[in-house]
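If you're wondering where the values come from, they're calculated on a predicted model, not measured in any experiment. By convention in this document, chain letters (A, B, ...) are assigned in the order of the sequence lines, proteins followed by strands, and residues within each chain are numbered from 1.
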Amino acid sequence: MVVLISFDIDGTLEVGDPPGVLTMDMVRLVRDKGFLIGSCSDRTLSGQRAIWAAHDIEVDFVVSKHMLPDVKAQFEADVYLHIGDREDLDRQYALAAGFDFLWPDEAVAHPHFQPEA
Amino acid sequence: MTTPTAPDAMYRNDEGLGIWEHRGKVAAVGVGHGPTSRRWDGRPETCVGAITIQALRKAIADAGVAPEQIDGLVVVPVTTTGAFWEEGKPLPMDVIESFNQTDDPLDGVAKLSAEWLLANMPELTNVQFTMYGPGCMSNALNVAAQAVGDGLTHTCLVVKSWHNFEGRYYQSGANVEDTLPGTAAITRLWGGPASYGTALQFAEYCRKYGKTHEMMAPFMENSRRNGLMFPEGYWAQHRPEELGREDYLAARWIAKPANLFDNDIPIMMSGAYLFSTAERAADMKQKPVYILNHASSNARPRSLTPTLDEVEAETARTARKIYEGAGITADDLSFENMYDGFSLFHQFHLEGLGYRGIKFGEALDFYQTDISIEGPNPVSPSGGNVGSGRSRVWMHTDCIQQLQGRAGARQVTGVEPEVAVSGGPMPLGGNFTVWSASPD
């Protein structure tokens, strides 16, 4: 099964401003599971790329906040999931784009982010 | 002592006033900035009052003036346009009680009075004159310049600060009430983002002159580049990120054709200056920057929001006032630092000035040429709010520092920094200052 996860940054990832509860190690975990991953943020595209490069994490996409439909059009996946901390700019955008949605604290407890037994 | 708001007579609102009577006799000397942050973290030492005190003390030290020499203080009392202390939210008593208080418990937390500042800056023992310049530093600068020129104060601090709280900007205060008072009940009828009026004007501008939003990209990139060389600014201090063409054009619309980056990022900041008479300034620590004129725009639109025609008429009228009172022409400007928050109206100011001979409808083409600090036609060398965050202050600091020759990496090199203009905020409704390296 192909799983695609889109991460908001600020308020979601530990490197965000404000910091979120999702650590970069958690991102690496799903990366190593073979998930398609990337970020969807109001940060500049170059700024998003710089964050991933600084943490040596290879991502499949970086897009602006309104571009989840483009991600869905670009990648074939069985599950499309966006994780973010804002009702208006994350949850509503995600659902409108046909993504599943998790708040950061929900994501931390989700099986996606648990090591495989 | 109760601080009054500056009377209308202190502003130069009209054409035909002639050369400003205090031209070259008032000077800015000291500059001070408090640290920036995205939002207040709730600590006493980072509240808006605390960072304001830091900015003021830096300006005093920068000018090399003993605090007891200071006899004037001009303050912008409002420290936000969109972040308000939620009604019913418990007051931060630990913060409030960390300072000497006034009757208003949110003084120093969500607003600033001259009385609060004086109560918490015991070294200012000789301040006899205090006055409020409403809204912006641009306004307060006009007040301070006129006050020093009129002899109401001879060594005057002028300060503007901004706070920002948790939550979304503009989604608190009156905007969350069921009703709005006065004119706002009409002008905010549609609940649009703050930039929607500017976006409407820009859309009409593009239609009228055959331009596109994409043509803003070089201006945005240049502004952020300049901002990243502004060590006092938010982006330079916290997120040294460039704003390239791809970055800018990929941003979501806030009020199309105004996108996310056309709207400035709200921050905590404080900026302060020390003004004095030209005579006293000559003996201070920094090179004086002389004020040749101040001018104001007090035009009102005929309807809910200004039309492009009104914008163009008023920016041209403002420029005539600026030049007339300073005794200069557009050709005398070494560079310009007009306001940019929202970025989509910077070109209105630029065209009104006739900077480098450009006419209405030509600024976006001008942006496609070399507008860098290294070139012959610097545009917004401060980087403005695009480059350093929402303050309406950077443009003034930059003018002073450029003319003093201490703008650091941001120093203009393609022109000799001799005469500059800064001001804003809006094309209809703003205050402007003409700065000069010499009093003549």
Side-chain angles (χ1 to χ4, degrees), chain A residues 6-21 24 38-55 59-74 82 84-97 99 103-105, chain B residues 36-43 46 164-172 175-176 191 193 213 217 220-221 223-225 227-228 234-268 343 386-387 389:
Chain A
S6 157
F7 294 94
D8 169 48
I9 296 175
D10 296 317
T12 298
L13 297 178
E14 63 175 329
V15 297
D17 177 17
V21 296
M24 297 309 256
S39 50
C40 172
S41 165
D42 271 339
R43 291 201 178 216
T44 58
L45 302 182
S46 60
Q48 294 182 51
R49 292 188 191 107
I51 287 173
W52 294 122
H55 292 83
V59 295
D60 299 290
F61 61 89
V62 294
V63 294
S64 294
K65 193 66 108 175
H66 61 301
M67 295 171 70
L68 284 179
D70 301 73
V71 174
K72 194 165 189 184
Q74 187 180 351
H82 177 69
D85 70 320
R86 292 272 294 270
E87 167 64 27
D88 50 356
L89 294 175
D90 288 303
R91 184 174 174 274
Q92 290 181 19
Y93 273 23
L95 297 181
F99 278 57
W103 299 106
D105 58 329
Chain B
T36 66
S37 58
R38 180 74 171 91
R39 293 183 174 89
W40 184 39
D41 61 10
R43 294 182 296 141
T46 54
N164 192 27
F165 297 142
E166 284 183 357
R168 297 195 65 185
Y169 209 70
Y170 284 125
Q171 297 197 6
S172 57
N175 283 356
V176 296
H213 180 260
M220 302 299 288
E221 187 166 12
S223 294
R224 180 63 65 79
R225 174 180 182 249
L228 293 179
Y234 171 77
W235 293 102
Q237 289 180 358
H238 299 283
R239 286 171 57 180
E241 302 167 3
E242 295 179 348
L243 182 59
R245 180 181 182 83
E246 180 198 29
D247 296 322
Y248 175 58
L249 297 179
R252 63 187 166 88
W253 299 119
I254 299 298
K256 192 177 181 179
N259 77 13
L260 182 69
F261 296 115
D262 293 316
N263 293 259
D264 42 356
I265 188 170
I267 58 171
M268 302 274 301
S343 63
V386 174

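A side-chain donor from one of B/His213 and B/Asp262 sits under 3.5 Å from a side-chain acceptor of the other.
In terms of heavy-atom pairs under 4.5 angstrom with chain A, the leader among B/Glu241, B/Arg239, B/Glu242 is B/Arg239.
Looking at A/Asp10, only its side chain comes within 4.5 Å of chain B, counting heavy atoms on both sides. If you measure heavy-atom distances from A/Leu89 to chain B, the contacts under 4.5 Å come from the side chain alone. For a residue to count as touching a neighbouring chain, one of its non-hydrogen atoms must lie under 4.5 Å from one of that chain's; by this rule B/Glu166 does not touch chain A. Contact annotation for B/Ala250: both backbone and side-chain heavy atoms come within less than 4.5 Å of a heavy atom of chain A. Heavy-atom distances place the side chain of B/Phe261, and not its backbone, under 4.5 Å from chain A.
In this pair, B/Phe165 and B/Trp40 present their aromatic rings tilted. The plane angle is within the 30 to 60° band.
In terms of heavy-atom proximity, A/Ala94 sits nearest to A/His82 at CB-CB, 3.7 Å.
Residues satisfying the salt bridge (Lys or Arg N to Asp or Glu O under 4.0 Å) criterion with A/Asp8, sequence neighbours excluded, are A/Lys65. For A/Glu14, the salt bridge (Lys or Arg N to Asp or Glu O under 4.0 Å) criterion is met by no residue, not counting sequence neighbours.
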